[in-house]
Structures are given as structure tokens and as C-alpha cells.
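Let me begin by presenting the structure, written as C-alpha cells, before commenting on it.
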Amino acid sequence: MLTRILGATLMAASLGTASIAADAKPTDPQIAHIAYTAGQIDVSAAEQALKKSKNTEVIAFAKTMERDHKAVNDQALALVTKLKATPEDNPVSQSLSTQAAKELTTLEALDGAAFDKAYVENEVAYHKSVNDALANTLIPAAQNKELKSLLETGLTLFKEHQMHAEHLASTIK
């Protein structure tokens, strides 16, 4: 069941991004909304992990996710304020939010080691999906140099998150 959920989350994020790319490249306001939404999803997942987990390594990882994704989102908000731009809701953001809500509900029903394992596996899948969308769709489509730079900085950081999550997943039974 968990594999199906992870696959659905990954597929929704990838397909949602592809649907915008197929119709037209996402605009900078859409990209800003997608990036912010993706970051906020990870903050929410980290907050859930901090409430539910008793595993010190999972807690440390969740604290890192919460801190880093909040920081990137704060930078994104500062940038859109500086540019006097309004992030634009779009099907990708909506799909990410819908899938994340389902995943949080699924994780909420789990406890102990089952929660830790599911949370970390979801983080692996989620970061793979978001990193792919950043590298292959969002960064190439971004027109504003500052937005593109922020996305590139985020991608570097989120690749580290993915490696950290993959390592943690390999240690959790």
C-alpha cells in the first residue's frame, strides 16, 4: 500500500509538471507558486514527524527539513515581494497539495517505526520528484535571473536532502 501511495505522489508531481510543460512553459508566477507549495509541503511533513517520531535520527532529519524549507520559502517570499510579483496558483500546485494532504493523512494513522519508515521513504520519493521538476522543468522555464538563481540554490540543497533521506531510509527497519 505504501509503495502505491509513494508512486502516486511521485506520479502526480511528475505528471502535473509535465502537463504544464506540454501546454506551455510555466510562467515565473506559476513557478514561484509551485516552488513555494513544494517547500511548504515538506515543512508540514517535517512538523508531523516532529510530533509523531521518537527516533532521534528521524527527528534530526525533520528539523533539518523544517529549517531549510522554511528558509528557502522565506527567500522566495522576499523575492516575489521585491519583484512585486504575485505567485499564481496552478494545476501543479493544486496536485501537489492534494497528494500531500492524502499522504499526511496516511502517515497520521501510523506510529513508531512504521511511521518513521513511511515518513523517510516518502521524503526520498518526494525529493526525487521535486528535484527532477526543478532541474528539468522549473529552472529551464524560469525567465527572471533571481528566481532561476534561487531555484538552482534550492536544487543544490534539496539534492543533499535527498541523499540524507536515502541514507536514513537505508538504516530504518
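Since the model is a prediction, treat every value here as computed from it, not as a measurement.
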Check whether Thr98 reaches the backbone of Ser95 with its side chain - one donor and one acceptor, N or O, closer than 3.5 Å. no
How long is the straight-line distance from CG of Asp28 back to NE2 of His33, given to the nearest 0.5 Å? 14.5 Å
Can you pull the side chain to side chain donor-acceptor pair (under 3.5 Å) pairs that have at least one residue in residues 74-87, sequence neighbours excluded? Lys82-Glu146
Let me check something: any side-chain donor-acceptor pairs from residues 147-157 under 3.5 Å, sequence neighbours excluded? List them with distances.
{"unit_1": "Lys148", "atom_1": "NZ", "unit_2": "Ile139", "atom_2": "O", "d": "2.7"}
{"unit_1": "Lys148", "atom_1": "NZ", "unit_2": "Ala142", "atom_2": "O", "d": "3.3"}
{"unit_1": "Thr153", "atom_1": "OG1", "unit_2": "Ser149", "atom_2": "O", "d": "3.0"}
{"unit_1": "Thr156", "atom_1": "OG1", "unit_2": "Glu152", "atom_2": "O", "d": "3.2"}

Side-chain donor-acceptor pair under 3.5 Å between His127 and Asp42, yes or no? yes
State the CD-OG1 distance between Glu88 and Thr27, to the nearest 0.5 angstrom. 4.5 Å
Leu107, Met65: one ILVMFWY side-chain cluster at the under-4.5 Å cut-off? yes
To the nearest 0.5 Å, how far apart are CG in Leu104 and OH in Tyr119? 10.0 Å
Between Leu138 and Leu83, is there a shared hydrophobic cluster once you connect ILVMFWY residues whose side-chain heavy atoms come closer than 4.5 Å? yes
Report the C-alpha separation of Tyr126 and Glu103 in whole Å, then their side-chain angles, then the decisive distance to 0.1 Å, and conclude whether the side chain to side chain contact (heavy atoms under 4.5 Å, CB included) test is met. CA-CA 11 Å; Tyr126 188 69; Glu103 185 62 24; over 6 Å; no
Measuring from Leu79:CG to Asn144:CG, what's the distance to the nearest 0.5 Å? 6.0 Å
Please list all pairs passing the side chain to side chain donor-acceptor pair (under 3.5 Å) test where one or both residues lie in residues 46-63, with sequence neighbours left out. Gln48-Glu108, Lys52-Asp111, Ser53-Asp116
Give me the one residue out of Glu160, Lys159, Glu166 that meets side chain to side chain donor-acceptor pair (under 3.5 Å) with Gln162. Glu166
In one Ile/Leu/Val/Met/Phe/Trp/Tyr side-chain cluster, 4.5 Å: Val80, Val72: no
Can you tell which of Ile172, Leu168, Leu110 makes a side chain to side chain contact (heavy atoms under 4.5 Å, CB included) with Lys117? Ile172
